Structure formats: structure tokens, C-alpha cells
There are 4 protein chains.
Amino acid sequence: MPPDAARRSDRSRRAILVAAMELVEALGYSKLTIEAVAARAGVGKQTIYRWWPSKGPLLFDAFVELGPVGPDVLPSGDLATDLKRELRVAVAELAERRFDQVCRVLVHEARTDLVTLLLMPRRVELEERLLAAQRSGEVRVDVDVSAAAELLLGPVYQRWLLRTAPLTGDFVDAVVDLVLRALRG
Amino acid sequence: MPPDAARRSDRSRRAILVAAMELVEALGYSKLTIEAVAARAGVGKQTIYRWWPSKGPLLFDAFVELGPVGPDVLPSGDLATDLKRELRVAVAELAERRFDQVCRVLVHEARTDLVTLLLMPRRVELEERLLAAQRSGEVRVDVDVSAAAELLLGPVYQRWLLRTAPLTGDFVDAVVDLVLRALRG
Amino acid sequence: MPPDAARRSDRSRRAILVAAMELVEALGYSKLTIEAVAARAGVGKQTIYRWWPSKGPLLFDAFVELGPVGPDVLPSGDLATDLKRELRVAVAELAERRFDQVCRVLVHEARTDLVTLLLMPRRVELEERLLAAQRSGEVRVDVDVSAAAELLLGPVYQRWLLRTAPLTGDFVDAVVDLVLRALRG
Amino acid sequence: MPPDAARRSDRSRRAILVAAMELVEALGYSKLTIEAVAARAGVGKQTIYRWWPSKGPLLFDAFVELGPVGPDVLPSGDLATDLKRELRVAVAELAERRFDQVCRVLVHEARTDLVTLLLMPRRVELEERLLAAQRSGEVRVDVDVSAAAELLLGPVYQRWLLRTAPLTGDFVDAVVDLVLRALRG
DNA sequence: CAATAAGCGAGACGGTACGTCCAGTCTTGGC
DNA sequence: GCCAAGACTGGACGTACCGTCTCGCTTATTG
């Protein structure tokens with residue numbers, strides 16, 4: 001029998017979400033235990049297992065309920081301004097203490113070293129090629145080569161990581177074409 | 001006393017790295033146990049703990065030694081071609097079975113849902129603004145708005161996640177300016 | 001928090017005691033592992049550690065519950081007969097398979113050699129002195145000198161080993177006086 | 001190949017025995033580890049394993065070499081005096097610090113409780129019977145009933161424990177007959 | 001307005017893996 | 001070729017949590 005949501009104790013539900021949030025802040029994702037959440041929330045373990053199958057969904061709900069919410073950005077009329085405001089809101093959310101402390105560790109439990117190890121060689125090659133292009137005049141000299149490399153790799157890596165859409169050759173070509181249009185003299 | 005690296009058994013070291021690689025492929029990061037690695041490598045657990053403090057560094061070494069290595073990209077003379085080839089090598093590495101199966105889970109243990117949850121609102125707002133700009137003629141109509149949104153968010157998210165450099169307002173502005181140059185008619 | 005005895009599973013408790021008893025019979029005290037007891041009892045290790053601090057107390061309880069129980073000896077009226085029956089019950093208990101196999105090793109884990117080493121010199125000296133006394137007529141010739149030596153050393157050694165009471169010079173004197181009364185012609 | 005005793009390092013041998021003795025005094029038998037002996041003796045573990053199969057024999061040798069040695073007892077001419085002196089030497093040896101601290105734990109690793117548990121019922125019954133006999137005049141009133149019970153049980157228990165000789169009914173009878181001779185009025 | 005069924009706190013249970021310790025073997029370099 | 005040193009395989013230790021399973025105890029419909 002599935003549990004009867006009507007009879008659910010809201011007091012317990014909130015205590016659990018708050019406890020989970022606090023503990024994941026303090027300990028990180030991997031050291032967070034259901035047992036500790038139950039103890040801190042003053043709740044039986046079963047009450048957690050009754051409503052959530054595991055840590056992941058529990059924290060998902062905790063973030064939905066207690067996570068950072070950036071303000072809506074009202075259009076100013078100027079495209080550049082709007083996009084900059086939009087991204088700055090995103091940056092602000094990412095930087096919010098509760099988020100930064102918790103979420104990077106949560107999202108990125110394993111050593112960043114590993115990703116660095118995997119990404120850096122590509123990045124270095126890209127930067128070298130862009131510098132050469134700058135010297136030959138194909139790329140404007142006022143472009144920050146490092147940021148440009150990130151402009152190329154960022155979307156690829158993000159799409160791979162988050163599976164927002166399939167990672168195809170066409171996507172790669174589109175990214176390069178767009179970025180190059182920005183970089184050309 | 002620190003262990004004496006000179007006396008280290010290379011046979012055991014390699015067996016451990018291979019076993020770790022195979023098991024993380026088969027089970028994913030979180031279900032990988034040191035005990036299983038030791039058993040499969042035919043090695044005492046202590047021999048693992050003697051040389052690595054935990055799962056993370058062990059897998060790091062396994063990837064360094066056994067991970068994917070993309071080919072060097074030889075310059076063709078054409079910038080767009082070179083950058084596309086470069087990114088395709090990156091994509092190929094990311095797609096390599098050993099890597100894809102293992103590394104996403106490894107890098108991204110926690111539910112992708114969470115990140116999606118955090119990123120999607122920004123993304124939706126960005127796409128709406130870009131569509132509006134397209135209608136008003138500020139952005140060319142042949143631009144894929146979805147890819148363009150990724151071009152904006154990808155670098156920001158990647159820089160936050162990997163801490164490749166500080167995530168400043170200036171960086172955001174530079175990204176927007178560069179991307180807009182590409183998108184404008 | 002101490003465990004809650006009211007909730008204790010009697011099924012598990014008994015299974016553990018039986019398993020402990022069987023294994024100590026088969027393997028002896030030192031080769032008995034908590035892990036093996038848990039496995040044989042079909043019980044988690046924690047369930048043993050929750051209720052017993054270590055092997056010793058666990059086996060103590062196992063013996064209390066499952067150990068040998070000699071019959072009560074009903075008085076026959078004749079003192080010698082009664083004492084002999086009493087001691088024979090003790091001997092029977094000591095000889096019971098479950099007991100003899102297990103308990104000597106359990107009580108006397110260390111090499112008997114050691115005790116022999118320590119006791120034999122005294123014993124030899126005692127026997128020599130008693131033989132001399134027999135030759136000089138101080139001790140009856142029908143006395144088994146070896147048994148007599150044991151009569152002297154047994155109580156001393158037992159009192160030392162079991163700490164049944166302080167091991168004083170007075171005790172020694174009392175023992176010698178009593179035994180001599182028996183040995184004299 | 002058996003080790004070549006001629007080449008044996010006496011310095012190492014003695015250092016090992018001394019270290020073993022010191023450690024068993026400090027820690028007791030069960031907490032004594034070969035590793036600790038080797039470390040304290042400044043000796044490789046292999047040097048211990050080369051010459052002794054295990055803890056037991058090692059400690060046996062340590063006691064042979066470093067254990068207590070009571071003085072020889074010179075006959076005084078009086079039997080009672082001689083036997084008392086003899087037993088007092090035994091008691092002195094048993095009481096020697098090195099011995100008492102170490103050896104009881106060593107000989108009697110397991111909980112004394114257990115033996116008490118097994119022996120006490122017999123002992124109580126014996127004492128009761130002896131008291132009754134005292135009341136009925138079969139046993140002299142100046143006899144310490146507790147010591148008398150020990151006189152009966154001590155030899156039996158010791159013979160069982162040390163297997164100095166088979167534990168037969170005849171032996172029991174002989175003990176009872178001897179002791180009764182001492183106890184009768 | 002009981003009664004009765006659900007959620008609840010608590011916590012014991014069978015398990016899995018942890019990270020440590022030591023046994024006993026093997027290897028290396030020095031004497 | 002013994003020795004000190006110490007890395008090795010193996011296996012038990014005692015602990016921490018997992019997810020499941022009762023226990024009594026609220027608590028809130030529902031017959």
C-alpha cells in the first residue's frame with residue numbers, strides 16, 4: 001500500500017527537509033546519512049523512507065523548498081544589458097553561501113582534479129591555436145584567449161555533463177561557427 | 001612512518017589500478033568498494049590503503065594511467081576546421097565508453113535533476129529574451145536560440161564548477177559581449 | 001544509549017549462544033571469531049556486539065545456558081560415600097565432551113608446558129621428600145606418593161589460579177597439617 | 001631448510017626473550033603481538049618466526065630463561081617443616097610480580113567467572129556435607145571446612161587441568177580416603 | 001463517539017563495507 | 001646466510017549506516 005499523503009505530518013516533512021539542508025551544508029553529500037537526518041529532525045528513519053526512496057530525491061526536494069531563488073529580470077530594452085543581468089543573477093545564485101558550499105560538493109563530489117586532468121589538455125591546445133590565429137590576424141587582438149577557450153569548451157562540457165541535448169558533431173560545428181564570428185576581426 | 005616507495009610492488013600497483021578501472025566501469029563510482037577492488041586485484045586491502053587515502057585519488061591515478069588519450073590535432077591552416085577538430089576530439093574522449101559510463105557518474109554523482117532544477121529557470125529566461133531579440137531583429141534569425149543560450153551559460157557554469165578562474169561580473173560581461181557579436185545581424 | 005532489553009529478539013539471542021557453543025567445541029577458544037558466530041547464527045555482528053562486549057562474556061552466557069549440569073547428590077548417610085559421589089559428579093562434568101573439549105582449552109589457552117615447567121620442580125622435590133619420609137617411617141608405606149604430592153600442591157595452585165581466597169602462609173600450614181595427619185602411620 | 005643454529009645471533013635471541021617478557025607483563029598474553037616483540041627487540045619479525053613457531057613456545061622459552069627460580073629447600077629433619085617450606089617456596093614463586101601479573105592471565109586467559117561458575121556448585125555442596133559431618137561428629141570441629149573442600153577439589157581440578165595423570169574414579173577414592181583420614185576425630 | 005486504521009518516534013534486526021591491526025610469508029640490501 | 005626492515009596477502013576486528021521490521025503512541029477519519 002502506498003502511504004496516504006493526506007495524513008502526512010507536515011511538521012515532520014519540514015523538519016526533515018531542513019535537517020537535510022543543514023547537514024549537507026555541514027558535511028557534504030557523501031557524508032550525509034539518513035540516520036543523521038532522522039536524528040536531527042527528531043524523526044524515525046521510517047518516516048524518511050516512507051516518503052523518499054533515497055538521499056538524492058530527498059535533497060532535491062530540500063533544494064526545491066529551501067534553495068536559492070534569484071529575482072526575475074525585467075527587460076530593460078537593451079539586449080546586452082538584459083543578458084548581462086540574467087547571467088549575473090545566475091552567478092549570484094551559484095555564489096549564494098548555501099549553494100556554493102553545498103552544491104558544488106554535491107554536484108561534484110569526486111575530485112575536481114579528475115576533470116581538470118581530462119579537460120586541461122584540450123584547453124591548452126585550444127588556447128595555443130587561438131594565439132596562433134591572433135598572431136596571424138584571424139582573431140582580433142583584444143580578445144581574451146582564455147575566455148574564448150572557455151566559450152568553446154563550456155557548452156560542450158555542459159551538454160555532455162547535463163545531457164541537456166545530444167552531443168553531436170553538428171552542435172560542435174555550430175558552436176565554433178558562432179564563436180568564430182565573435183572573434184574575427 | 002610513510003611507506004617506502006622504493007620497495008613498492010609494481011605488480012600490485014597495476015593490478016589495483018586495472019581492477020579499479022574495470023569495477024568503476026561496471027558499477028559506477030558510488031557502488032565501487034575498496035574491498036571489491038582488493039579482491040579483484042588479488043591484493044590485501046592494506047596495500048590499497050597504504051598508497052591511497054581513499055577512492056577518489058585511487059581513481060584519479062587509474063585515469064591518469066589508463067584513461068582516454070585523444071590524438072594530437074595537426075593544424076590544417078584553416079582556423080574553423082582546426083577548432084572543430086579540436087572540439088570533436090574532446091567530444092570523442094567524453095564519449096569513449098570507459099569514460100562516458102564511468103566519468104559522468106563519477107564527476108556528477110548526485111542527481112542531474114538538481115542541476116537541471118537550478119539551471120533551467122535561467123535558461124528558459126535566456127531563451128525567451130533571445131527569441132524576443134530575434135523578433136525585433138537584434139539577433140539573426142538563423143541562430144539556434146537553444147545553442148546560443150548554452151553558449152552563454154556553459155562558460156559560466158563551467159567556471160563555477162571547475163573554479164578554473166574567479167567567476168566575476170567582468171567575465172560575465174565579456175562572455176555576453178563576445179556572444180552578442182556573433183549573434184547580431 | 002544502552003540497548004533496550006525489552007525489544008531484544010530471543011530467537012537471535014538463543015541462536016547466538018548455540019552457535020558460540022558449537023564453534024568453541026569445534027575450534028577452541030582462540031580460533032573462535034565473532035564473525036563466525038554471527039554467520040552461523042544467521043545474525044548481524046552488531047547484534048552480538050550490542051549485547052556482549054567480547055568473546056569471554058558471550059561464552060560465559062553460553063555455558064550458563066547450555067553448559068553441563070551434574071545431578072544433585074543425595075546424602076547416603078556415609079560420609080566417605082557421599083564425598084566420593086560428589087567428586088565423581090565433578091569429574092563427570094569435567095569429562096563431559098562439550099566440557100572437556102572446550103573448557104580446558106578455554107580455561108587454559110596457553111601451553112600447559114608452561115605450567116608444567118613451573119610446577120614440576122616443586123612437585124619433584126615434594127615427592128622426593130615424601131619418599132624419604134616413607135623410608136624413615138614418618139609416612140605410611142601404602143600411601144601413593146604421587147597422589148599425596150597432588151594433595152599438597154592442588155589446593156595451593158587452585159587457590160592461586162582461581163583466587164577463591166587469599167593465598168597465605170597460614171593456608172599452606174593448614175594444608176600441610178591436614179595432609180600429614182592423613183599420611184602418618 | 002632448517003635454520004643453522006650455529007650462526008644464530010645470541011644478541012637477538014636474548015633481546016627477543018627480554019622483550020617478550022616485558023611486553024607480556026605489561027599487556028597480558030592475548031594483547032602481546034609478535035610485531036611488538038620484534039619492534040621492541042629491534043629485530044626483524046622473520047628472526048622470531050625463524051626460531052619459534054608462535055607466541056606460546058616463545059613465552060615458554062622466555063620463562064625458562066628469565067622466569068622465577070625458587071631456592072632449593074634443605075631438609076631440616078622435620079617432615080611438616082620441610083613440606084611447609086616447600087609449599088611456601090611454591091607460593092612465593094606464584095606471588096612473584098613477574099609471575100603473578102603475567103602468568104595467571106597467561107594460564108587463565110578466559111574469564112575466571114567461567115571456572116567459578118563450574119566449580120562453585122560442587123564446592124558449595126561439599127562444604128554443606130562437611131558441615132553436616134562436623135555436626136554429627138564424623139569430622140573434627142577444628143577443621144576449616146572451606147580449606148577441606150579445597151583439599152578435595154584441588155587435586156581433582158588440577159589433574160584435569162594439567163593432565164598430570166588420568167582422572168579416574170580410583171584417584172577420586174584415594175583422595176577422599178586420604179583426606180577423610182585427616183579430618184576424622 | 002467509539003473504534004480503527006494510518007502515520008509516527010524509537011530502535012533492534014540482518015547485512016555490507018569501512019578502515020585498522022596483526023599473522024605469517026616474501027624480498028631486498030647490508031654485514 | 002643470518003639479519004633488520006618492511007611490503008605483501010589474508011582475515012578478523014569493532015564501527016557506521018543501510019533499508020526493513022516490529023513495537024506502542026498519537027491522531028484523525030469513518031461507520
Side-chain angles (χ1 to χ4, degrees), chain A residues 1 3-13 15 31-39 41-51 53-55, chain B residues 1-9 11-13 31-39 41-51 53-55, chain C residues 1-9 11-13 15 31-39 41-51 53-55, chain D residues 1 3-9 11-12 15 31-36 38-39 41-51 53-55:
Chain A
M1 245 162 302
D4 179 349
R7 288 174 182 262
R8 182 168 188 180
S9 153
D10 195 60
R11 157 193 255 284
S12 291
R13 184 178 145 280
K31 290 186 186 166
L32 177 73
T33 66
I34 299 278
E35 220 143 75
V37 173
V43 140
K45 283 200 290 177
Q46 199 58 241
T47 303
I48 299 183
Y49 283 112
R50 194 170 2 248
W51 302 107
S54 62
K55 269 204 287 191
Chain B
M1 247 158 300
D4 180 348
R7 290 175 184 267
R8 183 166 188 182
S9 155
R11 153 193 260 286
S12 291
R13 185 180 144 278
K31 291 187 185 165
L32 177 73
T33 66
I34 299 278
E35 219 143 71
V37 173
V43 141
K45 280 201 289 179
Q46 200 58 51
T47 303
I48 298 182
Y49 283 112
R50 186 157 25 236
W51 303 107
S54 60
K55 271 204 286 192
Chain C
M1 249 158 298
D4 180 348
R7 290 176 184 270
R8 184 167 187 181
S9 154
R11 153 191 260 284
S12 292
R13 186 179 144 280
K31 289 186 186 165
L32 177 73
T33 65
I34 299 278
E35 220 144 72
V37 174
V43 140
K45 280 201 289 177
Q46 200 58 50
T47 301
I48 298 183
Y49 284 112
R50 189 162 15 241
W51 303 107
S54 60
K55 272 202 288 190
Chain D
M1 245 163 306
D4 179 350
R7 289 179 178 257
R8 182 166 189 182
S9 154
R11 156 192 254 285
S12 292
K31 291 186 184 164
L32 177 72
T33 65
I34 298 280
E35 218 143 76
V43 141
K45 282 202 289 177
Q46 200 56 239
T47 304
I48 298 182
Y49 284 112
R50 196 170 1 250
W51 302 107
S54 61
K55 269 206 285 193

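Letters A, B, ... mirror the listed sequences (proteins, then strands); counts begin at 1. Because the structure is a prediction, the values reported are computed rather than measured.
Within the 4.0 angstrom heavy-atom criterion, base atoms lie near B/Thr47. Using a 4.0 Å heavy-atom cutoff across all strands shown, C/Arg50 reaches at least one base atom of the nucleic acid. Residue-level contact check: D/Ser54 touches neither bases nor backbone, having no heavy atom under 4.0 Å from any strand.
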Under-3.5 Å N/O pairs linking protein and nucleotides 20-30 of chain F:
from, atom 1, to, atom 2, distance (Å)
F/dC21, N4, A/Gln46, NE2, 2.2

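Atoms CZ (B/Arg13) and P (F/dT9) sit 14 Å apart, rounded to a whole Å. B/Arg11 places its CZ atom 14 Å from the C1' atom of E/dT27, with the value rounded to the nearest Å. Atoms CG (B/Asp4) and P (E/dT27) sit 17 Å apart, rounded to a whole Å. Counting to the nearest Å, the P atom of F/dA4 and the CZ atom of D/Arg8 are 11 Å from each other. B/Ile48 places its CD1 atom 12 Å from the P atom of F/dG10, with the value rounded to the nearest Å. Summarising the geometry, the separation between CD on D/Glu35 and P on F/dG11 is reported as 17 Å, rounded to the nearest angstrom. Following rounding to the nearest Å, B/Trp51 (CH2) and F/dT9 (P) show an atom-to-atom distance of 12 Å.
With sequence neighbours excluded, the residues satisfying salt bridge (Lys or Arg N to Asp or Glu O under 4.0 Å) with B/Arg7 are B/Asp4. The salt bridge (Lys or Arg N to Asp or Glu O under 4.0 Å) check on C/Arg11 picks up nothing, with sequence neighbours excluded. With sequence neighbours excluded, the residues that form a salt bridge (Lys or Arg N to Asp or Glu O under 4.0 Å) with D/Lys45 are D/Glu35. Residues forming a side chain to side chain donor-acceptor pair (under 3.5 Å) with D/Ser12 (at least two apart in sequence, or on another chain): D/Ser9. Annotation: side-chain contact (heavy atoms from CB on, under 4.5 Å) contacts of B/Ala39 (sequence neighbours excluded): none.
A cation-pi arrangement, defined by a distance under 6.0 Å to the six-membered ring centre and an angle within 45 degrees of its axis, is absent between B/Arg13 and B/Trp51.
Taking side-chain N and O atoms only, C/Thr33 has no distance below 4.0 Å to OP1 or OP2 of F/dG11. Contact check, C/Ser12 against E/dG14: a side-chain N or O comes under 4.0 Å of OP1 or OP2.
Nearest-nucleotide positions on DNA chain F for B/Gly44 and C/Lys55 put B/Gly44 closer to the 5' end. Of the two residues contacting DNA chain E, namely A/Gly42 and B/Leu32, the nearest-nucleotide position lying further toward the 5' end is that of A/Gly42.
Residue B/Ala38 comes nearest to B/Gly44 through the heavy atom pair CB-C, 4.3 Å, listed as atom of the first residue, atom of the second, then distance.
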